[in-house]
Amino acid sequence: MIMALEWCVGHVGRDESIEIYSDSRLVVMQASKKFKINSPSLLELNKRLAELAGNFKEVKFINVRRTNENIARVDKALNIFLDEKSEKRS
């Protein structure tokens, strides 16, 4: 979610509403501040997420089922992105 919002910061206008989809209900509920976060490291990540979300008119975190057809496409694209990013560091 952080990487998605970081991308949006560079490519989407501040007056836009953003929808972020995830197949992790826990992460969506924590990002939406509906579930408490106890882990200090996760609290820091959630703080960063909130900072990024502040760049837009509205950000909605939406839970979708793992069987959603778009999840497989996103997973594949994300893996390619992460592989390319890892290769650049080497």
Side-chain angles (χ1 to χ4, degrees):
M1 289 183 171
I2 289 173
M3 291 177 81
L5 282 176
E6 287 174 340
W7 183 89
C8 288
V9 166
H11 295 87
V12 178
R14 289 182 155 270
D15 59 338
E16 297 292 326
S17 293
I18 307 291
E19 293 181 345
I20 303 289
Y21 295 86
S22 173
D23 63 336
S24 172
R25 181 175 182 267
L26 175 62
V27 171
V28 167
M29 297 303 274
Q30 289 174 330
S32 302
K33 302 190 183 338
K34 294 178 183 172
F35 282 5
K36 185 176 180 180
I37 301 171
N38 294 317
S39 165
S41 60
L42 292 180
L43 281 169
E44 285 300 313
L45 291 172
N46 201 37
K47 180 180 174 184
R48 176 68 178 140
L49 193 64
E51 289 171 358
L52 290 165
N55 287 294
F56 304 100
K57 178 180 176 181
E58 178 184 31
V59 176
K60 290 183 183 178
F61 300 100
I62 301 168
N63 180 238
V64 294
R65 294 181 184 263
R66 183 76 189 144
T67 55
N68 182 296
E69 65 187 48
N70 294 317
I71 291 294
R73 289 188 356 216
V74 170
D75 280 347
K76 183 177 180 179
L78 181 59
N79 285 332
I80 290 169
F81 171 78
L82 292 174
D83 288 347
E84 289 172 356
K85 190 172 182 177
S86 176
E87 289 173 4
K88 289 179 183 177
R89 288 183 184 164
S90 301

> Which side-chain hydrogen bond (donor to acceptor under 3.5 Å, both in side chains) pairs, counting each pair once, include a residue from residues 62-72, with sequence neighbours left out?
Replying inline: Asp23-Arg66, Arg66-Asp75, Asn70-Arg73

> What pairs of residues pass the side-chain hydrogen bond (donor to acceptor under 3.5 Å, both in side chains) test when at least one of them lies in residues 40-57, not counting sequence neighbours?
Replying inline: Glu6-Arg48, Arg14-Asn55, Ser39-Ser41

> Pairs in or reaching into residues 25-34: which pass side-chain hydrogen bond (donor to acceptor under 3.5 Å, both in side chains), with residues at least two apart or in two chains?
Replying inline: none

> CG/Leu82 to CG/Leu78 distance, rounded to the nearest 0.5 angstrom?
Replying inline: 4.5 Å

> Leu43, Leu52: one ILVMFWY side-chain cluster at the under-4.5 Å cut-off?
Replying inline: yes

> Of all residues at least two apart in sequence or in a different chain, which pass the side-chain contact (heavy atoms from CB on, under 4.5 Å) check with Glu58?
Replying inline: Ser17, Lys60

> Which residue pairs pass the ring pair (Phe, Tyr, Trp, His ring centres under 6.0 Å) test with at least one member in residues 10-30, sequence neighbours excluded?
Replying inline: Trp7-His11

> Is Ile2 close to Leu45 at the side-chain level, that is, under 4.5 Å between some pair of heavy atoms?
Replying inline: yes

> Linking I/L/V/M/F/W/Y whenever any side-chain heavy atoms sit under 4.5 Å apart, do Val74 and Val64 land together?
Replying inline: no

>> Apply the hydrophobic cluster definition, ILVMFWY joined by side-chain contacts under 4.5 Å directly or through others, and give me every member besides Met29.
In response: Leu26, Phe35

> Under 4.5 Å between side-chain heavy atoms, hopping through other hydrophobics if needed: is there a path connecting Met3 to Ile20?
Replying inline: no

> Where do Val9 and Leu5 land on the side chain to side chain contact (heavy atoms under 4.5 Å, CB included) test, with the steps shown first?
Replying inline: CA-CA 6 Å; Val9 166; Leu5 282 176; 5.5 Å; no

> Any link between Ile62 and Val59 through a network of hydrophobic side chains (Ile, Leu, Val, Met, Phe, Trp, Tyr) touching at under 4.5 Å?
Replying inline: no

> Taking all non-hydrogen atoms of both residues, which atom of Phe61 and which atom of Val28 are closest, and how far apart?
Replying inline: O-CG1, 3.4 Å

